[in-house]
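Below is one structure, written out as structure tokens, with a few remarks after it.
Throughout, a chain's letter reflects where its sequence line sits, starting with A, and its residues are numbered from 1.
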Amino acid sequence: MKFSKKLITWYLQNKRSMPWRKTTDPYRIWLSEIILQQTRVAQGLPYYLSFTETFPTVFDLANANEEQVLKLWQGLGYYSRARNLHATAKYVANDLNGVFPDTYIGLLKLKGVGDYTASAIASICYKEAVPVVDGNVYRVLSRYFGIETPINSTEGVKEFKKLAISLMDHDEPADYNQAIMEFGALQCKPKNPYCIVCPLNDSCESQKNGKVTVLPVKLKKLKIKKRYFNYIVLLINNSQTIIQQRVGNGIWKGLYEFPLIENETIDITKITSDTTIKNIIEDKNHEIVPYNEDPIIHKLSHQHLYTKFYIIRLDAIGVISKNQKLIDYKDIKTYPVPILLGNFIDSFFEETVVSE
DNA sequence: AAATCGGGGTT
DNA sequence: AACCCAGATTT
């Protein structure tokens, strides 16, 4: 039996039930694919449910404001996905009358839709025979064919894409693409794959030569940068605080945070250029109370953030910087914030401030 | 071609 | 602690 047919047979017997497998509506398939980029099904599922509940159609999503979209995305990470999601929804709703492109090439033009996602939508919604090559596919193909080319090298990407095209099932593109991914996720797992009961083990190259555990080959990762964040949490008249939105490129673009002093070490040794905060800190009438003695280490893919929060109580505030917002504590949960800040807000504002 | 962008689960 | 996840975009 053909490679693709074996996988489809396995898939029909072993696939998990998931809400996006009950539709071919391109809006919902697109939504699920963006949410699931670099994200496990278990983590993305609740977000898919809340997005489809809040925004049943592409027009509902298009009519939302970006902050509302970011708020619903909060905690999922890679926030450019949310911004691109919103931009594409507006484009499809306003310029395409709510109709998604129906080809791989057309889908590729959408913001946030790359080779993988265009292939996924085109195959699942329109039965176009274009192969998906995600992390699961790299693993399955590298092991089955014994390919040691690094999957994240330029040659590897081209080699695996070419191989995937040659293996594509032209009768059932939707089932085949989902089959090979599901097979990678459940059977041909990264660690301790179920080779003994694998339906492909009699023809698997790495199974023959004992290289299952070393495949796929991946170029080693970058080194992690340490950053030191000091957040200034103002408690103004015991009812208000100041937040600001992150702008420019970098982590958490579009999300809100407290005024931040970033340093080369964990101590506040650097004077901030923010005159509002600078004046408050230098005013000896205001006591600066550290919230946490040891820094909270928030780990991102490329950065470790050593974070301290400082609480400053004051009766009133004068003019604030243009990028800052003076808000009531009770409204802080309506703003999209990084998980690092969300955790702090949960513990501090709920237990310390509100209970007073 | 390499770096960047999150947060969480698994081993 | 290292690796990975239904990758895309920027530098």
Side-chain angles (χ1 to χ4, degrees), chain A residues 11 15-16 18-21 29-48 70 73-85 87-88 107-121 123-124 131-140 150-158 160-161 164 174 176-186 188-193 213-225 227 246 248-255 297-305 336-343:
Chain A
Y11 175 67
K15 67 176 177 179
R16 294 167 288 182
M18 298 195 271
W20 48 85
R21 287 190 173 149
I29 297 300
W30 163 73
L31 201 48
S32 74
E33 293 299 344
I34 302 298
I35 287 173
L36 291 172
Q37 287 169 4
Q38 290 292 285
T39 304
R40 289 169 195 282
V41 166
Q43 188 185 4
L45 179 55
Y47 288 84
Y48 175 82
L70 282 171
W73 197 272
Q74 179 175 311
L76 199 53
Y78 287 163
Y79 296 93
S80 65
R81 289 186 293 169
R83 299 193 304 270
N84 288 333
L85 182 84
T88 291
L107 289 161
L108 259 185
K109 296 187 173 71
L110 302 177
K111 277 188 182 179
V113 176
D115 184 84
Y116 162 80
T117 305
S119 300
I121 300 172
S123 61
I124 294 172
V132 293
V133 185
D134 75 334
N136 293 304
V137 176
Y138 280 120
R139 186 168 54 256
V140 172
I151 61 173
N152 55 344
S153 65
T154 303
E155 319 89 88
V157 170
K158 285 165 58 180
F160 281 95
K161 176 76 174 183
Y176 170 70
N177 272 342
Q178 295 181 82
I180 191 168
M181 290 192 286
E182 191 80 334
F183 183 78
L186 300 181
C188 196
K189 301 184 300 174
K191 301 293 181 187
N192 306 319
T213 58
V214 302
L215 292 174
V217 175
K218 198 170 182 179
L219 267 31
K220 51 162 205 349
K221 47 114 178 271
L222 351 299
K223 66 175 167 205
I224 292 170
K225 194 176 305 179
R227 298 176 71 180
R246 289 185 69 93
N249 288 325
I251 60 171
W252 302 335
K253 182 179 180 182
L255 303 191
I297 306 173
H298 186 73
K299 296 179 177 179
L300 306 179
S301 301
H302 295 67
Q303 308 176 15
H304 286 183
L305 310 179
V337 299
I339 281 297
L340 171 65
L341 284 260
N343 291 340

>> Considering every strand and a 4.0 Å limit on heavy-atom distances, what is the contact class for A:V41: base, sugar-phosphate, or nothing?
In response: sugar-phosphate

> In chain order, what residues pass the side-chain contact (heavy atoms from CB on, under 4.5 Å) check against A:K189, with sequence neighbours excluded?
Replying inline: A:Y194

> How is A:K225 classified with respect to the nucleic acid when contacts are heavy atoms under 4.0 Å: base, sugar-phosphate, or nothing?
Replying inline: sugar-phosphate

> What integer number of Å spans the C1' atoms of B:dG9 and C:dA8?
Replying inline: 22 Å

> How about A:Y116 and A:E33: does a side-chain donor come under 3.5 Å of a side-chain acceptor?
Replying inline: yes

>> Please determine whether side chain to side chain donor-acceptor pair (under 3.5 Å) holds for the pair A:Q37 and A:R81, giving the CA-CA distance in whole Å, both sets of side-chain angles, and the decisive distance to 0.1 Å.
In response: CA-CA 9 Å; A:Q37 287 169 4; A:R81 289 186 293 169; 4.9 Å; no

> Which nucleotide of DNA chain C is the first, and which the last, in the 5' to 3' direction, to come under 4.0 Å of a heavy atom belonging to chain A?
Replying inline: C:dA1 to C:dT11

Just list the side-chain donor-acceptor pairs under 3.5 Å for residues 213-220 of chain A, sequence neighbours left out, or say none.
none

> With nearest nucleotides of DNA chain C determined for A:E182 and A:K111 from heavy-atom distances, which residue corresponds to the more 5′ nucleotide?
Replying inline: A:E182

> Counting any heavy atom closer than 4.0 Å, what does A:W20 reach on the DNA or RNA strands: base, sugar-phosphate only, or nothing?
Replying inline: base

> Residues in ring-ring contact (aromatic ring centres under 6.0 Å, His included) with A:Y48, at least two apart?
Replying inline: A:W20

> How far, in whole Å, is C:dC5 from B:dC5 if one measures between their C1' atoms?
Replying inline: 14 Å

>> Applying a 4.0 Å non-hydrogen cut-off, can you work out what A:R21 is touching in the nucleic acid: base, sugar-phosphate, or nothing?
In response: base

> Between A:L110 and A:P216, who's closer to the 5' end of DNA chain C by nearest nucleotide?
Replying inline: A:P216

> Mind checking the P distance from B:dT4 to C:dA6? Whole angstroms is fine.
Replying inline: 25 Å

> Considering only the P atoms, how many Å lie between B:dG6 and C:dT11, rounded to the nearest integer?
Replying inline: 14 Å

>> Run the ring-ring contact (aromatic ring centres under 6.0 Å, His included) test against A:F160 and tell me which residues pass, sequence neighbours left out.
In response: A:Y138

> Going 5' to 3' along nucleotides 5-11 of chain B, which nucleotides have protein heavy atoms under 4.0 Å from the base (write B), which only from the sugar-phosphate (write S), and which from neither (write -)?
Replying inline: BBBBB-S

>> My understanding is that only residues two or more places apart in sequence, or in another chain, count here; which of them pass side-chain hydrogen bond (donor to acceptor under 3.5 Å, both in side chains) with A:Y47?
In response: none

>> Does A:S32 reach a base, just sugar-phosphate, or nothing at all? Heavy atoms under 4.0 Å.
In response: nothing

>> Over all strands shown, is A:V137 touching base, sugar-phosphate only, or nothing at heavy-atom distances under 4.0 angstrom?
In response: nothing

> Residues in side-chain contact (heavy atoms from CB on, under 4.5 Å) with A:I297, at least two apart?
Replying inline: A:K299, A:H304, A:Y306

> Looking at residues at least two apart in the chain, or sitting in another chain, which of them share a side-chain contact (heavy atoms from CB on, under 4.5 Å) with A:K109?
Replying inline: A:I105

